[in-house]
Amino acid sequence: MGRFGSSLSAKVLLYVLLFLLAVLLQSSLLASPLSRAVPSLLTPLLLSLALWEEKPGLVLGLSFLAGLLLDLVSSTPLGVYTLTFLLLSAVTLALQRIFFSLRFSLWLVLVLVFDFLARLLSTALILLSTGKEIPFSLFLDNLSLGLLYTALCAVPLYPLCRLLRPKRPSERFQVL
């Protein structure tokens with residue numbers, strides 16, 4: 001298993017607690033009335049989980065949970081973030097072998113790509129489900145500032161994500 005815990009239930013519990021904390025911070029403290037955009041604290045956690053976890057069922061189950069938690073505290077139609085996180089995690093799982101041993105700079109670029117696609121997909125789903133228009137300037141503010149804030153919040157989350165990263169069998173044993 002990973003460096004942080006040896007049992008699957010401990011890992012799931014840890015991710016659930018991290019997701020709850022991220023959603024609470026993201027939806028309350030960081031979402032002040034004065035801010036035009038909110039960072040996504042779930043993005044670095046979900047991306048790292050999808051890139052480094054060996055069990056696809058665990059990744060998709062936790063992605064579903066993270067999306068559902070965000071759906072429950074946001075004012076969007078129920079299921080927007082759940083579907084968004086499930087789709088993006090599934091795509092990331094497919095690319096997992098390519099990016100398993102990535103460095104910080106590539107990880108941060110992938111966080112921004114994941115967040116950009118999540119914001120774009122969730123906006124499209126909101127438009128399709130509600131029929132309401134979002135002013136383009138508001139969308140651009142949310143997108144540009146949101147990506148910047150996500151990048152700034154992702155930097156201190158990287159050590160935690162690396163700590164949660166499991167070791168692959170090839171990393172566990174060294175050939176002399």
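Predicted, not measured: the structure shown is a model, and the values here were computed from it.
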Can you tell if the side chain of Leu42 reaches within under 4.5 Å of the side chain of Phe19, non-hydrogen atoms only?
yes
I need the minimum non-hydrogen distance between Val38 and Arg119, along with the two atoms involved.
O-NH2, 2.8 Å
For Trp52, is the NZ or CZ atom of Arg162 found under 6.0 angstrom from the centre of its six-membered ring and inside 45 degrees of the ring axis?
yes
Euclidean distance, Leu78 CG relative to Thr76 OG1, rounded to 0.5 Å:
8.0 Å
Looking at CG of Leu143 and CG of Leu147, how far apart are the two atoms once the value is rounded to the nearest 0.5 Å?
5.0 Å
Pairs where residues 83-93 contributes a residue and the test salt bridge (charged side-chain N to carboxylate O under 4.0 Å, His left out) is met, not counting sequence neighbours:
none
Looking only at heavy atoms, the pair that brings Gln26 and Leu41 closest together is OE1-N, 2.9 Å
Indicate yes or no for a side-chain donor-acceptor contact from Thr82 to the backbone of Leu68 under 3.5 Å, with no hydrogens or angles considered.
yes
Leu21/Leu17 under side-chain contact (heavy atoms from CB on, under 4.5 Å): CA gap, chis, key distance, verdict
CA-CA 6 Å; Leu21 181 63; Leu17 291 174; over 6 Å; no
Donor-acceptor contact present, side-chain Ser48 to main-chain Leu45, <3.5 Å:
no
According to a hydrophobic-cluster definition based on side-chain heavy atoms being under 4.5 Å apart (Ile, Leu, Val, Met, Phe, Trp, Tyr only), do Phe64 and Val73 belong together?
yes
If you measure from CG on Leu108 to CG on Leu112, what distance do you get to the nearest 0.5 Å?
5.0 Å
Nearest 0.5 Å, please: how far is CG in Leu46 from OH in Tyr15?
9.0 Å
Any non-hydrogen side-chain atom of Trp107 less than 4.5 Å from a side-chain atom of Pro44?
yes
Hydrophobic clusters here meaning ILVMFWY residues chained together by side-chain heavy-atom distances under 4.5 Å, can you tell me if Leu65 and Leu13 are in one?
no
Of all heavy-atom pairs between Phe85 and Ala66, which one has the smallest distance, and what is that distance?
CD1-C, 4.0 Å
side-chain contact (heavy atoms from CB on, under 4.5 Å) for Leu160 and Arg165? Distances and angles first, verdict last.
CA-CA 9 Å; Leu160 174 66; Arg165 177 184 171 263; over 6 Å; no
Does Asp71 reach the main-chain N or O of Tyr81 with its side chain, forming a donor-acceptor pair under 3.5 Å?
yes
When you check the gap from the basic side-chain N to the acidic O, do Lys11 and Glu53 get nearer than 4.0 Å?
yes
Taking the six-membered ring for Trp, are Tyr158 and Phe104 parallel (under 30°), tilted (30 to 60°) or perpendicular (over 60°)?
perpendicular
Shared-cluster residues of Leu125, by chain and number - hydrophobic side chains joined below 4.5 Å:
Val80, Leu83, Leu87, Leu121, Ile126
May I ask you to test the Val16-Leu62 pair for a side-chain heavy-atom distance under 4.5 Å?
yes
Distance (rounded to the nearest 0.5 Å) between Asp115 CG and Ser40 OG:
5.0 Å
Approximate separation, where rounding is to 0.5 Å, of Leu49 CG and Ser89 OG
7.0 Å
Looking at side-chain heavy atoms only, is the closest gap between Leu93 and Leu60 below 4.5 Å?
yes
Considering non-hydrogen atoms only, spot the tightest contact between Leu58 and Leu8 and give its length.
CD2-CD1, 3.8 Å
